[in-house]
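Just so it is clear, the model here is predicted, and its values are computed rather than measured. These values consider heavy atoms only, across backbone and side chains, with no hydrogens, waters or symmetry-generated copies.
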Amino acid sequence: MGEIKVSPDYNWFRSTVPLKKIIVDDDDSKIWSLYDAGPRSIRCPLIFLPPVSGTADVFFRQILALTGWGYRVIALQYPVYWDHLEFCDGFRKLLDHLQLDKVHLFGASLGGFLAQKFAEYTHKSPRVHSLILCNSFSDTSIFNQTWTANSFWLMPAFMLKKIVLGNFSSGPVDPVMADAIDFMVDRLESLGQSELASRLTLNCQNSYVEPHKIRDIPVTIMDVFDQSALSTEAKEEMYKLYPNARRAHLKTGGNFPYLCRSAEVNLYVQIHLLQFHGTKYAAIDPSMVSAEELEVQKGNLSISQEEQ
């Protein structure tokens with residue numbers, strides 16, 4: 001379903017970018033799945049972390065576009081972890097395995113929360129050089145489900161999927177957004193009971209970000225002005241938490257702007273990463289950097305936003 005509806009690019013992506021599976025824990029059942037594309041010479045790549053319903057390939061549009069411009073991009077799918085500390089420890093081991101001292105993180109929804117928790121977890125020996133937080137949050141209590149977090153593991157898969165689908169847009173959306181939702185439903189169907197239960201547990205387990213531990217990290221907050229699972233209060237809390245953050249607002253995009261508004265998202269990602277060009281933390285091959293081209297794209301973004 002999703003392969004045909006979202007884009008013919010998706011099938012091409014699946015056939016050309018290999019999916020790697022890596023085990024870094026003592027438990028052999030904990031398998032990280034990832035796409036690693038772009039120049040291996042880059043030692044501080046951009047890593048994408050998906051939302052509850054997502055798999056590593058939900059960022060295929062970012063991988064195709066950004067690697068074409070010379071960036072190294074890694075999109076992850078994490079194994080079953082039941083608490084944030086366990087996830088952070090596993091992610092640190094993965095970065096060690098990949099021989100990456102520092103990385104830029106793009107996290108969508110739960111992925112953004114986990115990115116912040118990992119930055120917090122490694123603050124004494126920093127592993128996160130910057131953050132892009134897309135439709136994300138800083139406190140799990142906003143979902144009002146902290147009291148049920150410990151019971152998700154008991155629920156059958158169909159009930160868990162119903163909980164997740166309840167946060168998807170139900171009103172009228174444009175065809176591109178409808179295709180993105182169909183694709184995410186397709187990805188959700190591919191997740192097993194333990195994967196979904198663990199992600200919902202991470203999403204709702206009582207926890208919040210301690211901003212004083214990560215205040216020196218450059219942050220871009222990316223969100224949408226139309227309907228999404230994120231409340232206005234949650235957005236305002238993020239702005240307060242990161243008063244110096246850059247803001248990347250999309251007029252529309254719903255829960256999954258990286259799929260249905262990928263050109264805008266990709267441009268905002270480039271603008272965020274531009275500040276590191278020419279340093280050892282650049283995520284792009286230096287020979288590919290073209291400031292003039294980026295200025296042209298910025299102009300195109302302004303035009304497309306005015307047309308919306």
Q) Does the separation of the ring centres of F168 and F256 fall below 6.0 angstrom? A) yes

Q) Please, which pairs that meet side chain to side chain donor-acceptor pair (under 3.5 Å) have at least one residue in residues 110-125, sequence neighbours excluded? A) D89-Y121, Q116-Y242, K117-E120, K117-S207

Transitive ILVMFWY cluster of [X], excluding itself - 4.5 Å side-chain cut-off:
| X | answer |
| --- | --- |
| Y208 | none |
| I31 | I23 |
| Y281 | none |

Answer yes or no: is there a side-chain heavy-atom contact under 4.5 Å between [X] and [Y]?
| X | Y | answer |
| --- | --- | --- |
| L34 | Q77 | no |
| L273 | L46 | yes |
| V269 | L66 | yes |

**Q.** Working for salt bridge (charged side-chain N to carboxylate O under 4.0 Å, His left out), residues R187 and D57
**A.** CA-CA 9 Å; R187 299 293 81 212; D57 54 1; 3.2 Å; yes

(Q) Check this for me: does any side-chain nitrogen of one of D174 and R261 sit under 4.0 Å from a carboxylate oxygen of the other? (A) yes

For [X], give me all partners under side-chain contact (heavy atoms from CB on, under 4.5 Å), at least two apart in sequence or on another chain.
| X | answer |
| --- | --- |
| Y239 | I221, D223, K235, E236, R247, H249 |
| V80 | W82, S194, E195, S198 |
| T67 | A37, I63, V73 |
| L64 | D9, W12, F13, F60 |

Q. Taking only residues two or more places apart in sequence, or in another chain, which ones meet K102 in a side chain to side chain donor-acceptor pair (under 3.5 Å)?
A. H129

Q: Please name all residues satisfying side chain to side chain donor-acceptor pair (under 3.5 Å) with D36, sequence neighbours left out, ordered by chain then number.
A: R72

Q: Using side-chain contact (heavy atoms from CB on, under 4.5 Å) as the criterion, point out the one residue from I22, I47, L100 that pairs with L94.
A: I22

Q. Do side-chain atoms of E189 reach the backbone of K161 as a donor and acceptor pair under 3.5 angstrom?
A. no

Q: Under the ring-ring contact (aromatic ring centres under 6.0 Å, His included) rule, collect the residues that match up with F137, sequence neighbours excluded.
A: F113, F143

Q: Could you list the residues that satisfy ring-ring contact (aromatic ring centres under 6.0 Å, His included) with Y78, not counting sequence neighbours?
A: F87

